[in-house]
Amino acid sequence: MIFPEQVRASLADALRRLVSGAGAVAEIGPGTGAFTETLLELLGPDGEIFVIEPTRVMRAAPVTRLSRVPAAADTVTVLPEGALEAEVDTPLDAVVMFNMIMHFPPEQRVLLWREWAGALRPGGVLIMESQHPQTATAVPSSVIPGRTLGGTATTCSRGPRWRVRTSSAG
């Protein structure tokens, strides 16, 4: 998990304060599913979680994690659409977006807020974490057999993290 322990504990505490007893929650970009597990513990008796993740390889981590939690089978629905395409047909008590907003350009963020604020019940909360402080550094492209590799290196207290973008070499 890319969250340092102190950040992870702080976010879990925020969920406990804001989501305890919730009936319906959407989690956009669940990462490893660690916070999905926390949400499962906090739901009311008939609660449900909608996990929204468009990328198959990214869905694998929370699905694998949740497969060992019996309550998840009847409580968690994984939607394979993106945050701007997914539709949840029940009013939500909370929408959780941890460490994912940077994947959207500013003009799409407006649409994201509008979409998910409109899905909330009156009094519902939108909980967003933008990403703990880090410094982005440009990484020059390199050619490897059949691919061009480049992206952004992000340095935080635990060392560099890489966002890698590949494209077919022509």
Side-chain angles (χ1 to χ4, degrees), residues 1-3 7-132 134 151-152 154 161-167:
M1 180 178 272
I2 66 170
F3 293 99
V7 173
R8 187 177 328 141
S10 175
L11 293 173
D13 183 56
L15 290 176
R16 283 184 196 89
R17 285 183 284 115
L18 297 168
V19 181
S20 289
V25 177
E27 182 183 20
I28 301 172
T32 64
F35 292 111
T36 313
E37 270 192 295
T38 301
L39 290 168
L40 271 168
E41 296 168 9
L42 300 174
L43 289 178
D46 295 320
E48 57 187 326
I49 299 171
F50 300 92
V51 171
I52 298 154
E53 176 55 63
T55 309
R56 182 174 40 183
V57 70
M58 293 301 294
R59 281 193 306 273
V63 167
T64 301
R65 176 187 288 268
L66 296 172
S67 68
R68 64 181 171 79
V69 181
D74 296 324
T75 307
V76 178
T77 301
V78 178
L79 301 173
E81 294 90 19
L84 293 171
E85 295 81 32
E87 293 183 17
V88 175
D89 61 355
T90 192
L92 299 168
D93 295 303
V95 175
V96 177
M97 294 187 249
F98 286 166
N99 202 23
M100 53 71 68
I101 196 66
M102 68 283 198
H103 296 290
F104 292 86
E107 62 277 3
Q108 286 186 348
R109 292 176 195 168
V110 172
L111 300 172
L112 192 67
W113 302 143
R114 193 173 296 139
E115 172 79 21
W116 291 102
L120 292 170
R121 286 188 172 128
V125 293
L126 193 146
I127 307 164
M128 199 266 312
E129 184 268 348
S130 61
Q131 189 172 23
H132 48 278
Q134 299 180 352
T152 304
T154 304
R161 305 271 192 246
W162 296 91
R163 269 201 191 89
V164 178
R165 185 176 58 245
T166 65
S167 62

Sub-4.5 Å side-chain heavy-atom contact between [X] and [Y]:
X      : Y      : result
Arg109 : Ile101 : yes
Val25  : Val96  : yes
Met97  : Trp113 : yes
Val95  : Leu120 : yes
Leu79  : Glu53  : no
Arg121 : Leu92  : no
Phe50  : Ile28  : no

Any idea which heavy atoms bring [X] and [Y] closest together, and the distance?
X      : Y     : result
Ile52  : Ala86 : CG2-CB, 3.8 Å
Ala24  : Thr90 : CB-CG2, 4.1 Å
Pro62  : Gly31 : CD-O, 3.1 Å
Pro30  : Thr36 : CB-OG1, 3.8 Å
Trp116 : Ala83 : NE1-O, 2.9 Å
Ile49  : Leu40 : CD1-N, 3.7 Å

Under 3.5 Å side-chain donor-acceptor pair for Thr75 and Glu48: no
Mark yes when over 12 heavy atoms from residues, nucleotides or ligands other than Glu87 sit less than 6.0 Å from its CD; otherwise mark no. no
Taking the side chain from Glu85 and the backbone from Gly82, do they hold a donor-acceptor pair closer than 3.5 Å? yes
Tell me whether Asp93 contacts the main-chain N or O of Gly124 through its side chain, where contact means a donor paired with an acceptor under 3.5 Å. no
Which of Asp13, Leu15, Val19 passes side-chain contact (heavy atoms from CB on, under 4.5 Å) with Arg17? It is Asp13
Rounded to the nearest 0.5 Å, what's the gap from [atom1] on [X] to [atom2] on [Y]? Could you check?
X     : Y     : atom1 : atom2 : answer
Arg59 : Thr64 : CZ    : OG1   : 12.0 Å
Asn99 : Phe35 : CG    : CZ    : 9.0 Å
Arg16 : Leu39 : CZ    : CG    : 10.5 Å

Salt bridge (charged side-chain N to carboxylate O under 4.0 Å, His left out) between Glu37 and Arg68, intermediate numbers included: CA-CA 10 Å; Glu37 270 192 295; Arg68 64 181 171 79; 3.6 Å; yes
Run the numbers on Leu111 and Phe104 for side-chain contact (heavy atoms from CB on, under 4.5 Å), then give the verdict. CA-CA 10 Å; Leu111 300 172; Phe104 292 86; over 6 Å; no
